[in-house]
Amino acid sequence: MIPLPEPYRVKMIEPIRLLAAGERRARLAEAGYNTFLLRSEDVYIDLLTDSGTNAMSDAQWSALMRGDEAYAGSRSFEALQAAVRDVYGFPYIVPTHQGRGAEHLLSRSWIRPGQLVPGNMYFTTTRLHQELAGGTFQDVICEEAYEPSREAPFKGNVDLGKLSALVERHGAEKIAYVAVGAPVNMAGGQPVSLGNLEQVWRFCQARGIRVVLDGARAVENAYFIQQREPGCSKMSVARILREMCLRADACLVSAKKDLYVNIGGFLATRDRGLYEKAMNLCVVYEGLHTYGGLAGRDLEAMAVGAREMVQDDWIAHRVGQVRALGERLRELGVPIVKPIGGHGVFLDARAFLPHLSQDELPAQSLAAWLYEECGVRAMERGVVSSGRGPDGRHRYPKLELVRLTLPRRVYSDAQLAFVAEGVGRLFKRRAELPGLRFVSEPELLRFFQSRFEPLPVAARA
Ligand SMILES: *Cc1c(COP(=O)(O)O)cnc(C)c1O
């Protein structure tokens, strides 16, 4: 299927180059086979993440010049607050340097040690902040989410049965809040339906439990609702986003995703108590509550991005480009997570490299060999990202994925065709690809900084 043409044209370019195969091999070894440790200069097409890697619009670039850099009471904060009120519908906002800053403020405000935090699949930084605040994450996502090849429209949905069993067992007082990621990044960008959000909201309202929306890519979720949920096709994405937010007490936003900016985030809420607590913590960890660790110009660019992101043609093109890459890979027989997500195509590393056990780090290995093959940088989302549990052992996730993430408004379809070809070539010689093992491993969020080495061929019998 031919993707929708871009609803923009290019007026500034950034040169990139493909290193020779021998050089790529050397750079990969220098980076300890961890794509996070590669130099950007050595990457040809960078699909590590869509976080902070987006191209800003001319309107955003000019907004930078309007940034009010006052320490307190910045006009740019007021612009952002007005945009968040209009677009998300929450009256209170606390800006933070990025999404995890908001996670920190929320976790410290709403989790008491010993409490549980049910959510639809873990996210790396989110779960860590819950744990650092003394909470324990509990997965309540629907079972379909664990089956990469299963086609279902809303594989991000919360399983109400799992949630109510958990509340039944521990009592509502033991629940800090229910965290709903929409969409679910670690499941392959799978959306949550509006109907499911409504069910979760009603269930929690009836029991006095609060609901938090992780809105890192909520606009993509809103688009999938428009496309897939019965009765929603006539609603604009902007309207659906507000409907989603009406079913939560608070929302965490990494502005580096939907809002097209290079840095920024915020906590938005309708709960006055949370607002006051988070605003106070903000001055300790982020900066004054009217800049939250950001420059005034960043706030200004976020305010513009918040209004751009909900335009139907923008989001349709964005998700359409991801789908086109996924369709190409599917035609080549490459195993990917289905349905194709909104921010990237997720390779199913277990199916791609069936000769590797999970201890041989299939997703980490696949991401490494992909860079070596064609200079394309992807991200591991498997056992390395999942980390170790309190007992010090690996937390073996059911999904072992490699994410090819598309920054917004950055790459052309010709570049993505090159990516698909590279993945296709690698798939043809998959049987010869070795696994990796850890050489070094930091304590927290190990996927960012661990180093690896290829397993000797003998160990792969
Ligand atoms: C990116 C992300 C976060 C954290 O945001 P940062 O801006 O990277 O700190 C939280 N949740 C999800 C689902 C994300 O994708």
Side-chain angles (χ1 to χ4, degrees), residues 36 47-54 93-108 117 119-133 137 139 141 145 155-156 158 177-192 212-222 224 244 248 250-268 278 282 285-286 292-294 298-299 301-302 305-306 309 318 322 337 341-344 346 378-381 385-387 397 399 401 403-408 444-445 447-449:
F36 278 102
L47 306 186
L48 183 72
T49 178
D50 61 334
S51 180
T53 53
N54 308 297
I93 160 178
V94 181
T96 57
H97 72 284
Q98 59 184 89
R100 71 199 67 179
E103 289 172 347
H104 179 209
L105 303 185
L106 172 79
S107 302
R108 303 260 311 221
V117 191
N120 50 347
M121 199 171 275
Y122 88 100
F123 184 71
T124 53
T125 56
T126 318
R127 181 174 65 189
L128 180 58
H129 276 297
Q130 291 165 357
E131 290 172 350
L132 292 172
F137 171 77
D139 199 354
I141 200 167
K155 283 166 75 175
V158 171
Y177 52 86
V178 175
V180 185
V184 182
N185 191 349
M186 302 302 280
Q190 302 300 327
V192 177
V212 175
L213 184 67
D214 180 344
R217 297 179 186 80
V219 180
E220 289 165 18
N221 197 98
F224 283 127
M244 288 166 59
C251 181
L252 299 162
V253 176
S254 168
K256 303 174 69 172
K257 281 85 174 234
D258 279 341
L259 286 81
Y260 303 111
V261 291
N262 302 119
I263 193 72
F266 54 86
L267 171 62
C282 184
Y285 295 104
E286 300 281 320
L294 297 163
D298 298 326
L299 303 172
M302 275 163 67
M309 70 184 186
R318 191 273 188 291
V322 174
V337 174
H343 65 306
F346 288 66
M379 184 191 287
E380 190 263 9
R381 294 276 83 156
S385 291
S386 193
L399 297 174
L401 310 177
R403 189 180 79 177
L404 300 168
T405 340
L406 269 59
R408 296 164 189 77
L444 304 170
L445 300 176
F447 57 98
F448 285 127
Q449 294 156 329

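Counting convention: from 1, in listed order, for ligands and their atoms alike.
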Quick check: [X] and ligand 1, any N/O pair under 3.5 Å apart?
X: Lys256; result: no
X: Lys257; result: yes
X: Gly99; result: yes
X: Thr125; result: no

Identity and separation of the nearest protein heavy atom to [atom]:
atom: atom 6 (P) of ligand 1; value: Gln98 NE2, 3.3 Å
atom: atom 13 (C) of ligand 1; value: Asp214 OD2, 3.3 Å
atom: atom 7 (O) of ligand 1; value: Ser254 OG, 2.6 Å

Checking side-chain polar atoms at under 3.5 Å, does Glu103 have a donor or acceptor matched by the opposite partner on Thr126?
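Yes, Thr126 and Glu103 have a side-chain donor paired with an acceptor closer than 3.5 Å.
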
Counterpart residues, salt bridge (charged side-chain N to carboxylate O under 4.0 Å, His left out), relative to Asp298 (two or more places apart)
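For Asp298, no residue satisfies salt bridge (charged side-chain N to carboxylate O under 4.0 Å, His left out) once neighbours in sequence are set aside.
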
Closest non-hydrogen atom pair, Leu294 against His97:
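Answer, listing the atom of Leu294 first, then His97: CD2-O, 3.8 Å.
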
When you measure from the side chain of Arg381 to the backbone of Leu399, do you find a donor-acceptor pair of N or O atoms at a distance under 3.5 Å?
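Not confirmed, Arg381 side chain does not pair with Leu399 backbone.
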
Residues that Leu444 engages under side chain to side chain contact (heavy atoms under 4.5 Å, CB included), provided they are two or more places apart
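For Leu444, the residues satisfying side chain to side chain contact (heavy atoms under 4.5 Å, CB included) (neighbours in sequence not counted) are Leu128.
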
Of the side chain and backbone of Arg100, name the one, both, or neither that has a heavy atom under 4.0 Å from an atom of ligand 1.
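Both of them.
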
Between Glu103, His97, Arg217, which one has a non-hydrogen atom sitting closest to atom 10 (C) of ligand 1?
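It is Glu103 whose heavy atom sits nearest to atom 10 (C) of ligand 1.
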
Do Ser385 and Phe448 touch side chain to side chain, with heavy atoms closer than 4.5 Å?
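The answer is no, as the side chains (C-beta and beyond) never meet within the 4.5 Å cut-off.
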
Among Arg408, Arg403, Lys256, His343, which one satisfies side chain to side chain donor-acceptor pair (under 3.5 Å) with Asp50?
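When side chain to side chain donor-acceptor pair (under 3.5 Å) is applied between Asp50 and each of Arg408, Arg403, Lys256, His343, only Arg408 qualifies.
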
